[in-house]
Visitor: 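Sharing a structure, written as structure tokens. Questions coming.
This chain uses plain numbering: 1 for the first residue, then up along the sequence.
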Amino acid sequence: MEDGRQIIRRPHCLVLLYPAQGHINPMLQFSKRLDHKGVRVTLVATRFLRKTLKLDQHCLTSMALESISDGFDHGGFEEAGSDQAYIDRFWDVGPKSFEQLLQKLTLSSSVDCVVYDSFLPWALEVAKKFEVIGAAFFTQSCSVNSIYYHACQGNLKKIPQTDDHQSEISLPALPTFAMSDLPSFLDASGLYPAFSKMVVNQFSDIEKADWVLCNSFYELEPQVADWQSKIFPLRTIGPTIPSMFLDKRLKDDNAYGLSFYKEENDVCLNWLGDKPAGSVVYVSFGSIASLNNDQMEELAWGLKDSESYFLWIVREPEKPKLPKNFLDISQNKQGLVITWCPQLQVLDHEAVGCFVTHCGWNSTLEAVSLGVPMVAVPQWTDQPTNAKYIKDVWKMGVKAEADEKGIVRRETVKKCIQEVMQSERGKEMKRNAMKWKSLAAKACDEGGSSNKNIDDFVASFVPSAKCTLGGAQNPINTFSNEQNATVASGSL
Ligand code: UDP
């Protein structure tokens with residue numbers, strides 16, 4: 001340019017979302033980190049998700065949103081009627097629709113990288129057609145991923161359904177597992193054949209991916225991260241929770257900014273407000289798990305018998321399963337039962353001393369990042385494996401064991417809560433939890449392992465050698481939020 005300035009194009013990344021809250025939140029948070037580092041981000045949702053997705057102000061102003069078809073544009077997953085029908089059609093329609101989107105986008109601007117949810121491995125082939133870097137994004141732990149990798153390699157037989165559940169299995173760089181610690185999708189009962197196939201297929205073409213990004217942090221799973229790095233280009237980039245709960249470098253990033261449910265913020269934060277420090281048990285089973293009537297009843301009376309305050313999230317469809325007079329006895333006194341809350345704020349609240357959790361990976365990482373010891377009550381999918389780590393590896397919780405009917409009884413609930421809240425071992429769990437909290441924040445901060453991994457990842461698709469990455473002090477998007485940033489030559 002005549003005035004000695006030149007146009008530097010911002011690197012452009014498409015982020016392809018799988019339409020489930022537990023998958024969208026981590027990818028959205030990762031996108032915020034990319035944006036902060038000067039990358040132009042276009043989120044790609046299914047058409048149905050796009051209609052329902054309410055993004056926060058920051059995402060709306062700094063990221064573009066495009067859509068593809070999953071074959072169910074009017075009703076998404078519900079319209080499909082079954083897991084198998086949804087996956088079959090999405091796999092058929094999705095790749096073509098994504099290819100058309102890439103064609104359209106590359107007419108008007110460049111695309112440098114596709115980050116795709118690992119549940120959608122076909123996106124890699126589409127990215128390769130356009131000679132674009134392809135990065136698989138895994139929303140579960142490195143350890144769970146490793147187990148699925150072994151299943152994909154044929155190194156792991158289906159878990160027998162019966163008495164063998166306590167027999168042990170050894171896999172490289174992982175602790176010794178009882179069969180019952182393995183993800184339920186590997187269970188020979190074959191209850192969820194479509195999902196079982198999908199989690200294993202995440203690894204079908206993994207060696208062709210340019211990057212494998214995992215929502216975890218190195219210090220949390222060092223052995224398995226090292227082991228995987230020798231097989232595919234793994235980088236841990238998490239925990240992907242809002243920066244204000246970790247390194248505090250992204251000033252406006254204090255919430256996921258996306259929720260499928262209405263949060264009862266004031267009610268629950270007011271209720272927590274007058275409770276003594278560390279006195280409240282927070283109970284949630286996430287957005288999907290559905291407990292049977294027996295389990296709801298046992299949990300309810302176990303909470304009551306624990307004699308601790310409790311804040312229990314019971315989603316609307318679960319409410320009829322509460323014991324008849326339970327709310328009359330406990331609501332607003334010992335306990336508060338609501339349908340949804342701002343979980344991060346709750347876990348961060350000084351009144352909360354313990355988290356009774358289904359061990360979904362997001363909830364687990366949130367408790368790790370906020371230093372809250374857990375009572376693990378895993379239900380299905382990766383949750384049993386996460387529970388094993390909470391208890392035996394990170395030593396920041398206990399596992400509530402189910403009886404022979406698969407029910408965690410009220411005495412067990414009470415005993416586990418009292419152990420975490422009142423015992424000497426509980427104090428040690430809290431100390432461990434605080435150690436993990438500090439390590440999580442460090443990983444995301446300047447110089448931390450996840451921050452460095454994100455820098456390396458971004459550097460791999462920066463379009464111009466002259467274009468150095470800004471990092472927190474000098475992000476490229478300081479110059480412009482537009483497609484191109486004009487910068488003085490020599491200043492980069
Ligand atoms: N969550 C929330 N409010 C609630 C309960 C859960 O915001 O009342 C959020 C929680 O913070 C987490 C997500 O819902 O980010 C649940 O994800 P997870 O992977 O733990 O479980 P899933 O819902 O996928 O089973």
Side-chain angles (χ1 to χ4, degrees), residues 11 13 15 25-39 41 56 58-59 62-63 115 135 137-139 141-142 211-226 229 233-257 343-345 347-350 361-373 389 393-394 396 430-460 462 468-478:
C13 187
V15 176
N25 280 352
M27 292 188 83
L28 206 53
Q29 286 307 126
F30 179 64
S31 299
K32 290 180 189 172
R33 294 268 172 193
L34 292 181
D35 173 66
H36 181 67
K37 289 178 184 293
V39 175
V41 173
D56 69 10
H58 174 81
C59 294
S62 63
M63 299 178 205
V115 178
F137 188 103
F138 283 76
T139 57
S141 74
C142 292
W211 294 96
V212 176
L213 308 172
C214 181
N215 181 20
S216 184
F217 58 102
Y218 178 78
E219 292 74 12
L220 196 63
E221 305 181 90
Q223 291 88 0
V224 68
D226 285 338
S229 309
L234 172 84
R235 293 301 177 103
T236 44
I237 50 74
T240 58
I241 74 167
S243 172
M244 292 314 282
F245 294 95
L246 292 164
D247 54 314
K248 302 185 175 31
R249 291 184 301 153
L250 279 64
K251 291 293 170 230
D252 298 328
D253 187 25
N254 50 21
Y256 288 120
Q343 182 162 297
L344 283 164
Q345 285 182 60
L347 290 174
D348 198 33
H349 201 288
E350 63 164 9
W361 185 234
N362 291 299
S363 295
T364 303
L365 267 187
E366 289 163 12
V368 164
S369 304
L370 295 168
V372 184
Y389 274 79
V393 181
W394 308 321
M396 58 176 290
K430 179 67 186 175
R431 281 194 293 277
N432 291 336
M434 293 309 283
K435 179 192 85 180
W436 292 117
K437 174 181 172 158
S438 151
L439 289 171
K442 272 192 195 139
C444 294
D445 209 343
E446 201 63 43
S449 55
S450 291
N451 186 59
K452 185 176 168 310
N453 284 341
I454 300 175
D455 280 346
D456 289 349
F457 165 63
V458 173
S460 74
V462 169
T468 54
L469 296 169
Q473 296 84 11
N474 184 26
I476 295 171
N477 61 0
T478 301

Visitor: For the atom pair CD (Glu366) and OG1 (Thr364), what is the distance rounded to the nearest 0.5 Å?
Guide: 9.0 Å
Visitor: Got a second to check how far Met63's CE is from Cys13's SG, nearest 0.5 Å?
Guide: 10.5 Å
Visitor: What pairs with Lys430 under side chain to side chain contact (heavy atoms under 4.5 Å, CB included), at least two apart in sequence or on another chain?
Guide: Pro373, Met434
Visitor: Give the intermediate values and the outcome of side chain to side chain contact (heavy atoms under 4.5 Å, CB included) for residues Phe138 and Leu234.
Guide: CA-CA 10 Å; Phe138 283 76; Leu234 172 84; over 6 Å; no
Visitor: Taking all heavy atoms of Phe457 and all of Leu34, pick out the closest pair and write down the distance.
Guide: CE2-CD2, 4.0 Å
Visitor: What residues, two or more places apart in sequence or in another chain, satisfy side chain to side chain donor-acceptor pair (under 3.5 Å) together with Ser369?
Guide: none
Visitor: Could you grab the distance from atom NZ of Lys437 to atom CG of Leu370, nearest 0.5 Å is fine?
Guide: 6.0 Å
Visitor: Would you name the heavy atoms of Met396 and Ala433 that are closest together and state the gap between them?
Guide: CE-CB, 3.7 Å
Visitor: Just by distance, with hydrogens left out, do Asn451 and Lys37 show a side-chain donor and acceptor under 3.5 Å apart?
Guide: yes
Visitor: Could you work out, with side chain to side chain donor-acceptor pair (under 3.5 Å) as the rule, every residue matching Gln345, not counting sequence neighbours?
Guide: none
Visitor: Just by distance, no angles: are the side chains of Trp211 and Ser460 close enough, under 3.5 Å, to form a donor-acceptor pair?
Guide: yes
Visitor: Not counting sequence neighbours, which residues clear side chain to side chain donor-acceptor pair (under 3.5 Å) with Ser229? List them please.
Guide: none
Visitor: Output a table of donor-acceptor pairs, distance under 3.5 Å, between side-chain atoms of residues 235-246 and any protein atom two or more places apart or on a different chain; print 'none' if there are none.
Guide:
{"from": "Arg235", "atom 1": "NH1", "to": "Asn453", "atom 2": "OD1", "distance (Å)": "3.1"}
{"from": "Arg235", "atom 1": "NH1", "to": "Asp456", "atom 2": "OD2", "distance (Å)": "2.8"}
{"from": "Thr236", "atom 1": "OG1", "to": "Tyr218", "atom 2": "N", "distance (Å)": "3.4"}
{"from": "Thr236", "atom 1": "OG1", "to": "Asn453", "atom 2": "ND2", "distance (Å)": "3.4"}
{"from": "Thr240", "atom 1": "OG1", "to": "Asn215", "atom 2": "OD1", "distance (Å)": "3.3"}
{"from": "Thr240", "atom 1": "OG1", "to": "Asn215", "atom 2": "ND2", "distance (Å)": "3.1"}
{"from": "Ser243", "atom 1": "OG", "to": "Asp247", "atom 2": "OD1", "distance (Å)": "3.2"}
{"from": "Ser243", "atom 1": "OG", "to": "Lys248", "atom 2": "N", "distance (Å)": "3.4"}
{"from": "Ser243", "atom 1": "OG", "to": "Arg249", "atom 2": "N", "distance (Å)": "3.0"}
{"from": "Ser243", "atom 1": "OG", "to": "Leu250", "atom 2": "N", "distance (Å)": "3.0"}

Visitor: Distance check, rounded to the nearest 0.5 Å: Cys214 atom SG versus Leu220 atom CG?
Guide: 10.0 Å
Visitor: Mind checking what makes side chain to side chain donor-acceptor pair (under 3.5 Å) contact with Trp394, not counting sequence neighbours?
Guide: none
Visitor: So, taking the atom named NZ in Lys435 and the one named CD in Glu219, what distance separates them when rounded to the nearest 0.5 Å?
Guide: 11.0 Å
Visitor: If I take atom OH from residue Tyr256 and atom CD from residue Gln29, how far apart are they, to the nearest 0.5 angstrom?
Guide: 6.5 Å
Visitor: With a 3.5 Å distance limit and no angle check, can you tell me whether Glu221 reaches the backbone of Cys142 through a side-chain donor-acceptor pair?
Guide: yes
